[in-house]
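In what follows, a structure is listed as structure tokens, so that the remarks can point back to it.
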Amino acid sequence: MPERSKAPAPFDVAAALRARQVTYGSWIQLASPGVAEILANAGYDWIGLDCEHTAADIATVEAVARAVYGRGSSLLVRVSRCDTVEIRKCLDVGAHGVIVPLVETVEEAERAVAAAKYPPRGVRGFCFGRMNNWGVDFDSYVKEANDRVAVVLMIESKTGVENVEKIAAVPGVDGLFIGPYDLSGSYGVPGETGHPLVQEARLRVVEAARKAGISSGQHLVRSTPEIREKAVADGLTFICLDGDIIFLEQAARTTLQTTEKK
Ligand code: 3PY
Ligand code: MG
């Protein structure tokens with residue numbers, strides 16, 4: 001049987017996180033595979049699909065994984081919670097890594113890592129599935145998955161910040177992702193992401209990641225050139241730029257506002 005040609009490999013986001021290489025991703029909240037295709041075509045290193053605050057479910061993850069496939073970007077899924085089964089299912093339908101919200105303790109960090117890794121490093125179950133080309137690439141996938149699958153943990157509460165040095169040191173954690181909005185709520189200044197308490201917490205996360213030799217990142221929800229430059233200057237390397245709803249809303253509004261109505 002002739003060998004079918006293979007699609008180009010996705011960006012190795014796990015390696016980039018461990019190398020503390022600056023990468024740029026974007027964010028999907030509209031649960032649309034078409035949006036994923038557009039963002040991947042635009043050249044983002046990785047695409048974050050939000051299943052925590054949106055209608056996206058496991059069928060969406062599979063559809064978006066298919067949309068991203070072969071376009072060079074990797075797909076990270078922000079799961080709805082730190083749950084072994086949810087993490088496993090996202091990886092099995094083709095995500096290249098997970099972003100786990102609201103991690104506050106070493107125990108939660110260890111649970112997230114274990115869910116994403118095959119034994120002996122973790123508890124991920126084996127099967128034939130989308131992630132290994134329906135079993136055709138089972139052996140090579142199993143061999144590489146523990147290093148290729150990215151585990152990013154969100155630090156977005158006071159408790160998480162207080163434990164961040166221990167969380168960052170958990171083997172298998174590739175990056176920490178700051179949640180400025182939830183941090184602001186947790187520090188009693190809801191919505192004030194620029195508040196000194198939030199900024200201090202943010203820099204503590206960056207420093208903990210640096211000391212542990214992993215990346216730290218943040219969703220720059222409405223980014224400007226200054227905000228992007230400051231993020232890199234502050235030591236962030238895993239940078240999420242805007243996202244589908246921001247791009248769409250801004251372009252829709254600007255287009256109409258700059259249209260002369262007759
Ligand atoms: C937060 O700011 O809480 C987030 O989760 C951003 O993605
Ligand atoms: Mg959050």
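Every number for a ligand or one of its atoms is a count from 1 in the order of the listing. This chain uses plain numbering: 1 for the first residue, then up along the sequence. Here the structure is a predicted model, which is why all the values come from computation and not from measurement.
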Does Ile178 reach the side chain of Leu183, with side-chain heavy atoms less than 4.5 Å apart?
yes
Is Asp182 close to ligand 1, meaning an N/O of one under 3.5 Å from an N/O of the other?
yes
Exercise: identify the closest heavy-atom pair between Pro101 and Ser80:
CG-O, 3.7 Å
Taking only non-hydrogen atoms of Met154, do any sit less than 4.0 angstrom from ligand 1?
yes
Proximal ligand 1 atoms for Glu156, defined as those under 4.0 Å from one of its heavy atoms:
1 (C), 3 (O), 4 (C), 5 (O)
For the side chain of Asn133 and the backbone of Val136, is there at least one donor-acceptor N/O pair under 3.5 Å apart?
no
So for Gln218, does at least one of its heavy atoms come nearer than 4.0 angstrom to any atom of ligand 1?
no
Polar contact flag for Leu183 and ligand 1 (N/O pairs, less than 3.5 Å):
no
Contacting atoms of ligand 1, where contact means under 4.0 angstrom from a heavy atom of Pro180:
1 (C), 2 (O)
How long is the gap from OG1 on Thr54 to CH2 on Trp27, to the nearest 0.5 Å?
9.5 Å
Could you find the nearest protein heavy atom to atom 2 (O) of ligand 1 and give me its residue, atom name and distance?
Tyr181 N, 2.7 Å
Number the atoms of ligand 1 from 1 as they appear, then name those within less than 4.0 Å of a heavy atom of Gly179, with their elements.
1 (C), 2 (O), 3 (O), 4 (C)
Would you mind checking which non-hydrogen protein atom is closest to atom 6 (C) of ligand 1, with the distance to 0.1 Å?
Arg78 NH1, 4.0 Å
Taking just the N, O or S atoms of Glu156, which one is nearest to the Mg ion (ligand 2)?
OE1
Are the side chain of Glu104 and the backbone of Glu156 linked by a donor-acceptor contact shorter than 3.5 Å?
no
Out of the N/O/S atoms in Asp182, what is the name of the one closest to the Mg ion (ligand 2)?
OD2
Hey, does the side chain of Ser74 reach the backbone of Asp12 with a donor-acceptor pair shorter than 3.5 angstrom?
no
Just how far is it from atom CZ of Phe138 to atom CE of Met131, taken to the nearest 0.5 Å?
7.5 Å
Is a donor from one side chain sitting under 3.5 angstrom from an acceptor on the other, for Thr237 and Arg20?
no
